[in-house]
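To keep things clear, I will list the structure first and then write my remarks on it.
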Amino acid sequence: MSTYSYFLHLRRPSFRLVLKSGSSFPSGLDPIDWKCKEERPYDKVHAEVMKDIERQGFGAYQQDIRSEDIPGARIAASSRR
């Protein structure tokens, strides 16, 4: 079974990169800017991330997005707990 490496960006820790273990970093990204956070088996990788990996060779997403960063969000910062 394949495993996948989850990396976090050292200066922007909410940014994540997912690669099939042993794969090269995408062109334009410097591996020195990323830290491997964990390894996951195929069945523990989100379906949307797997689609990205199959389509472009990697998955990338941002974790811990604040409601005020979402376009059109109607949740006021003061209403969050």
Side-chain angles (χ1 to χ4, degrees):
M1 180 182 287
S2 298
T3 59
Y4 293 81
S5 301
Y6 278 69
F7 295 86
L8 66 88
H9 195 275
L10 295 173
R11 290 186 310 274
R12 305 277 310 264
S14 65
F15 287 18
R16 296 292 192 273
L17 178 68
V18 184
L19 301 173
K20 186 172 183 177
S21 295
S23 296
S24 300
F25 265 72
S27 178
L29 295 182
D30 191 342
I32 200 163
D33 292 331
W34 299 85
K35 176 183 178 180
C36 185
K37 185 73 173 163
E38 66 178 307
E39 301 283 328
R40 293 186 189 174
Y42 172 85
D43 62 342
K44 298 294 182 184
V45 178
H46 192 279
E48 292 300 316
V49 174
M50 284 305 301
K51 286 180 188 176
D52 288 343
I53 293 169
E54 291 168 5
R55 189 177 70 249
Q56 61 192 15
F58 65 93
Y61 62 94
Q62 186 173 359
Q63 185 172 305
D64 302 325
I65 299 172
R66 302 175 310 193
S67 61
E68 57 265 22
D69 294 334
I70 301 172
R74 299 188 186 281
I75 303 169
S78 61
S79 68
R80 287 182 305 176
R81 294 176 198 204

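What's counted below: heavy atoms across the whole structure, side chains too, no hydrogens, waters or symmetry copies.
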task = Identify, with sequence neighbours excluded, every residue that meets ring-ring contact (aromatic ring centres under 6.0 Å, His included) alongside His46.
result =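 Here no residue qualifies.
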request  = Identify, with sequence neighbours excluded, every residue that meets ring-ring contact (aromatic ring centres under 6.0 Å, His included) alongside Phe7.
outcome  =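 Phe7 satisfies ring-ring contact (aromatic ring centres under 6.0 Å, His included) with Phe25 only.
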inquiry  = So does Thr3 get a backbone contact from the side chain of Ser21, meaning a donor-acceptor N/O pair under 3.5 Å?
reply    =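 Pair found, side chain donor or acceptor close to backbone of Thr3.
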Are [X] and [Y] connected in the hydrophobic side-chain network, where two residues link if heavy atoms are under 4.5 Å apart?
| X | Y | answer |
| --- | --- | --- |
| Trp34 | Val18 | no |
| Leu29 | Leu19 | yes |
| Tyr6 | Ile53 | yes |

message = Less than 3.5 Å apart, any donor N or O on the side chain of Gln63 or Ser14 sitting next to an acceptor on the other?
response =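 No, Ser14 and Gln63 have no side-chain donor paired with an acceptor closer than 3.5 Å.
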Taking only residues two or more places apart in sequence, or in another chain, which ones meet [X] in a salt bridge (Lys or Arg N to Asp or Glu O under 4.0 Å)?
| X | result |
| --- | --- |
| Lys35 | none |
| Glu38 | Arg40 |
| Glu54 | none |

Atom pair [atom1]/[atom2] of [X] and [Y] - distance to nearest 0.5 Å:
| X | Y | atom1 | atom2 | result |
| --- | --- | --- | --- | --- |
| Tyr4 | Asp43 | OH | CG | 10.5 Å |
| Tyr61 | Asp52 | OH | CG | 11.0 Å |
| Leu17 | Lys37 | CG | NZ | 15.0 Å |

key: Within 6.0 angstrom of Tyr42 OH, more than 12 heavy atoms from elsewhere   =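 Not buried by this count: 12 neighbours or fewer within 6.0 Å.
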query = How would you list, by chain and number, every residue that makes a side-chain contact (heavy atoms from CB on, under 4.5 Å) with Arg12, sequence neighbours excluded?
reply =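 His9, Phe15.
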